Amino acid sequence: MNPENFIFEKAQEAIAAIYNTNIDSKLIQTQATRKEFEGDITLVTFPLLKVSKKSPEATAQEVGEYIKQHSNSVESFNVVKGFLNIKFSTGFWQNIFSDIYNANNFGQLPPSGKTIMVEFSSPNTNKPLHLGHIRNNLLGWSVARLLEANGHNVMRVNLVNDRGIHICKSMLAWQKMGNGETPSSTGIKGDHLVGKYYVAFNDELKKQIKELTAKGMPNDEAEKQAPILKEAQAMLLKWEQGDKEVVDLWKKMNGWVYEGFDKTYKSLGISFDRTYYESQTYLLGKALVNEGLKRGIFEQHDDGSVWCDLTADGLDKKLLLRGDGTSVYMTQDLGTAHQRFNTYKLDEHIYVVGNEQNYHFQVLKLVLKKLGFNWADSIYHLSYGMVELPEGKMKSREGTVVDADDLVQDMYSTAKETSLALGRLDDMPTNEQEKLFEMIGLGALKYFIIKVDPKKTMVFDPKESIDFNGNTGPFIQYTHARIKSILKKAVDQGVKKEVVSAELLPKEIEIIKLLNNFPIKIKEAGIDHSPAVISSYAYDLAKEFSQYYHDTSILKEENVAVKANRLALIETIAKVLTKAMGILGISLPERM
RNA sequence: GGUUCGGUAGCUCAGUUGGAUAGAGCAACAGAUUUCUAAUCUGUGGGUCAAGGGUUCGAAUCCCUUCCGGAUCACCA
């Protein structure tokens, strides 16, 4: 029995008995008792005054007395202003503790039967991943884990933007000045090599624009007339016509990029159930639009282009098909959403995409709704803010973009340095050490990013994120490792661990409360799609343990029963921490 | 300008359906340790919750206005 449920029932019972009336269950408001007062849970009596027709204090007193008399789980109660603080008996907490200790896979909610698709990452194949992508990937990944903990069947998908003018830019630059360079001939990672030529293209473009304006051409005209841009556009046309030479080059260079991406994903601990490519999906949605046009939902302009009028909904008119019949971004997204909901019978579809596309998703849902698809309401845009550096925004032009691979490497090096300096890993084989440094470095990075509310613009300070103290991933990892080590020692000593009916310290009750909250937190976080809830929970739990351990050196305890109880408690903490760390993606290798 | 999301300690961030004296970490200062891993723990200082008004027993939280910042408003994706 949960404390909340208990009070909920008892309070209703009490009010029915004392005031002879049934009240709306919404009026029963509980909260955890604040630390400065005695008690475990608090009933707020202000909403009850209408029924009791008495002062807050008197009402609290009456309800408290009733509950105390009619339950042996309540040890005592006190009244402060309008707040009724109730303290449970030790036995009550022991029961809860015992239930959690014996539960299998605590924190894993029962199967919901729902299938949820999470689309995230969605890179372009013309340049390597950077810090912004990292936020996207980490969010997508942990939301997927979180939803799995909620019992849903989750599909992780990636939609790679592998076509379009920007890809042709890299291709053209490589053709012109690449001298046949390949990742293997240069030793450069494929995505970085292609990115290099994307930059080269832009440099050349800038140069040509400058030359044209020097000859007297207006700037905006020059931007359109630059020969290299014309060439890129011609290349795109050739690609669309299936020109063999262009398509082969496209395949070759994209192949390099995919190899590079695979490495980056692997280093982040991320994978997908399915990868979609825009080159294969960009024609989807046309039929949908044409059907909508036939049904009079959309309108056609004189040039043949098709639009959806959303002005009645406070938005603008949105283009769905160009005059020449070719599709735009929106067309494709309409089509892929339709296809995915049909194929996989999705109950929900989450898109992890930056907040610069808020408008796009607003329109997407609205247009689908207009087409009569009720599942449009099951689309959720998990929108996240930009990542900035302490010195300001990242700007590719100024070279202040933080590259994903560099960052992961940096985190690894720092983790290694710090860990080795402590000199406790001397007996660990080198390959295990490497694995460990990876997870610590990555744990720092992941936790630092996930703990921030997604919709906020965040500042990423590399120095702060690799701190190992305080509210950080490594602190949680370390605490977890510490508990494991204590438990191992206990096993070596042949000490028992079991839940026994011993007296509980206040700190222990606090920990049991926290543990008991875990499934509630999972559910709450799942509804909001917010893994940040889990990160702060994990930190609280780790911190509680640290304080607890500091106060009660467990292995030194002489009373056998108390010792067994304490070991059972910290084993439960480890269990919950393991689950939480799994959701955050910061689990350590077993050995540690 | 329209739409939209933010603004909480010096810095980075929490803050539950509106509840009691708004919390962590970092940084600063002062302490603790016969421990399993000190990557720890305790304490101190630090706040006009952007500003003003409203709703009510009660507001960082809900409503309105203003100020500041981001994003967006393409036949790009």
Side-chain angles (χ1 to χ4, degrees), chain A residues 26 29-34 36-37 42 44-47 49 55-56 80-83 85 122 124 159 161 163-167 278 282 301 303-307 314-316 318-324 326-330 332-333 353-360 362-363 383 385-386 388 390 393 418-419 421-422 424-425 440 448 451-453 455-461 463-465 467-472 474-475 477-479 481-490 517 520-521 524 528 532-533 535-536 539-540 543 545-556 570 592:
Chain A
K26 272 184 195 159
Q29 293 180 13
T30 59
Q31 59 185 292
T33 304
R34 291 183 69 105
E36 56 267 37
F37 303 108
T42 296
V44 183
T45 59
F46 293 104
L49 304 185
S55 71
V80 180
K81 294 195 228 167
F83 299 91
N85 302 320
S122 313
N124 290 344
L159 176 60
N161 179 7
R163 61 172 279 278
I165 187 76
H166 50 290
I167 314 292
E278 287 198 7
Y282 79 106
H301 288 189
D303 64 354
S305 58
V306 180
W307 297 74
L315 303 175
D316 301 323
K318 185 74 189 173
L319 176 83
L320 299 178
L321 277 180
R322 293 194 185 101
D324 60 6
T326 57
S327 58
V328 291
Y329 180 43
M330 183 59 71
Q332 168 194 267
D333 260 8
V353 181
N355 64 8
E356 68 269 17
Q357 293 196 33
N358 286 354
Y359 182 74
H360 172 78
Q362 222 180 326
V363 172
S383 163
M386 293 174 48
E388 295 179 357
K393 285 187 188 180
T418 316
S419 302
L422 291 162
R424 294 204 186 94
L425 301 170
I440 295 175
F448 191 87
K451 75 173 183 187
V452 180
D453 181 358
K455 63 175 176 287
K456 282 188 172 174
T457 301
M458 68 174 288
V459 176
F460 181 83
D461 187 344
K463 277 186 206 131
E464 197 178 319
S465 66
D467 248 326
F468 289 179
N469 295 321
N471 192 354
T472 65
F475 171 72
Q477 292 174 321
Y478 168 73
T479 305
R482 247 178 126 187
I483 298 175
K484 285 290 205 188
S485 148
I486 294 166
L487 290 170
K488 190 168 173 295
K489 188 126 185 175
N517 266 338
I520 300 168
K521 288 283 176 190
E524 189 184 297
D528 294 344
V533 172
S535 65
S536 71
Y539 174 68
D540 285 347
K543 200 181 166 191
F545 166 78
S546 287
Q547 293 169 355
Y548 174 57
Y549 189 75
H550 197 260
D551 298 343
T552 61
S553 194
I554 293 165
L555 289 179
K556 288 269 162 117
I570 67 166
M592 176 86 180

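Predicted model only: the values in this text are computed from it and were never measured. Proteins get letters first, then strands, A, B, ... in listed order; numbering begins at 1 in each.
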Self-check item: Interatomic distance where CD belongs to Q477(A) and C1' belongs to U37(B) [whole Å]
Solution: 15 Å
Quiz item: What nucleic acid atoms does N85(A) come within less than 4.0 Å of, heavy atoms only: base, sugar-phosphate, or nothing?
Solution: base
Quiz item: When we call it a touch if two heavy atoms are under 4.0 Å apart, what does T42(A) touch: a base, just sugar-phosphate, or nothing?
Solution: base
Quiz item: Should S546(A) and T479(A) count as side-chain neighbours, where that means a heavy-atom distance under 4.5 Å?
Solution: yes
Quiz item: How would you label the contact of V44(A) with the nucleic acid (heavy atoms, under 4.0 Å): base, sugar-phosphate, or nothing?
Solution: base
Exercise. Measure from CG on D333(A) to P on C76(B) and round the result to the nearest Å.
Key: 16 Å
Quiz item: Which part of the nucleic acid, if any, lies within reach of F37(A) when heavy atoms closer than 4.0 Å are counted: base, sugar-phosphate only, or nothing?
Solution: base
Quiz item: Across all strands, who's sitting opposite G6(B) as a Watson-Crick or G-U wobble pair, both distances under 3.5 Å?
Solution: C68(B)
Report, one pair per line, the protein and nucleotides 3-11 of chain B atoms (nitrogen or oxygen only) whose separation is under 3.5 Å.
unit_1 : atom_1 : unit_2  : atom_2 : d
G7(B)  : OP1    : K456(A) : NZ     : 3.2

Quiz prompt | K26(A) side chain reached by P47(A) side chain, heavy atoms, under 4.5 Å | solution = no
Self-check item: Whether F448(A) and F460(A) hold their rings parallel, tilted or perpendicular, with breakpoints at 30° and 60°
Solution: perpendicular
Quiz item: Atom CD of Q547(A) to atom P of U40(B): distance rounded to whole Å?
Solution: 13 Å
Quiz prompt | Among A20(B), A39(B), U35(B), the one nearest Y478(A) by side-chain distance | solution = A39(B)
Quiz item: With both distances under 3.5 Å as the test, what is the Watson-Crick or G-U wobble partner of A28(B)?
Solution: U44(B)
Practice problem: Check every strand shown and say whether F475(A) touches a base, only sugar-phosphate, or nothing at a heavy-atom separation below 4.0 Å. | Solution: sugar-phosphate
Quiz item: Which nucleotide, C41(B), C75(B), A20(B), lies nearest any side-chain atom of L319(A)?
Solution: C75(B)
Quiz prompt | Point-to-point distance, once rounded to the nearest 0.5 Å, from CG of L159(A) to CD of Q332(A) | solution = 5.5 Å
Quiz prompt | Rounded distance [0.5 Å steps], OG in S536(A) versus NZ in K521(A) | solution = 6.0 Å
Quiz prompt | Geometric class of the F46(A)/F83(A) ring pair [parallel <30°, tilted 30-60°, perpendicular >60°] | solution = perpendicular
Quiz item: Nearest-Å distance, CD (Q29(A)) to P (U17(B))?
Solution: 11 Å
Quiz item: What is the distance, rounded to the nearest whole Å, between atom CD of Q357(A) and atom C1' of C73(B)?
Solution: 14 Å
Quiz item: Which nucleotide, in any strand shown, forms a Watson-Crick or G-U wobble pair with A14(B), with both distances under 3.5 Å?
Solution: none
Self-check item: Complementary nucleotide of G19(B), counting Watson-Crick and G-U pairs under 3.5 Å
Solution: C57(B)
Quiz prompt | Cation-pi check, R482(A) onto F545(A) ring (under 6.0 Å, within 45° of axis) | solution = no
Self-check item: Between A39(B) (P) and H550(A) (NE2): distance, integer Å
Solution: 13 Å
Quiz item: If we require ring centres under 5.5 Å and near-parallel planes under 30°, does F83(A) stack on G19(B)?
Solution: no
Quiz item: What is the distance from CD of E278(A) to C1' of A77(B), rounded to the nearest Å?
Solution: 7 Å
Quiz item: Within less than 4.0 Å of OP1 or OP2 of U37(B), is there a side-chain N or O belonging to R482(A)?
Solution: no
Practice problem: For Y359(A), answer base if it contacts any base atom (sugar-phosphate contacts may also be present), sugar-phosphate if it contacts only those atoms, and nothing otherwise; contact means non-hydrogen atoms under 4.0 Å. | Solution: sugar-phosphate
Self-check item: H550(A): ring-ring contact (aromatic ring centres under 6.0 Å, His included) partners, not counting sequence neighbours
Solution: none
Self-check item: F468(A) CZ - G25(B) P separation (whole Å)
Solution: 18 Å
Exercise. Indicate the atoms forming the closest heavy-atom contact of L319(A) with M330(A), along with that distance.
Key: O-CB, 4.4 Å
Quiz item: In terms of the nearest nucleotide of RNA chain B, which residue is placed more toward the 5' end: K81(A) or E388(A)?
Solution: K81(A)
Quiz prompt | Who pairs with U35(B) - Watson-Crick or G-U, where each distance is under 3.5 Å | solution = none
Quiz item: Base, sugar-phosphate, or nothing: which does I486(A) touch, judged by heavy atoms less than 4.0 Å apart?
Solution: base
Quiz item: Contact class for K488(A) vs. all strands (heavy atom < 4.0 Å): base, sugar-phosphate, or nothing?
Solution: nothing
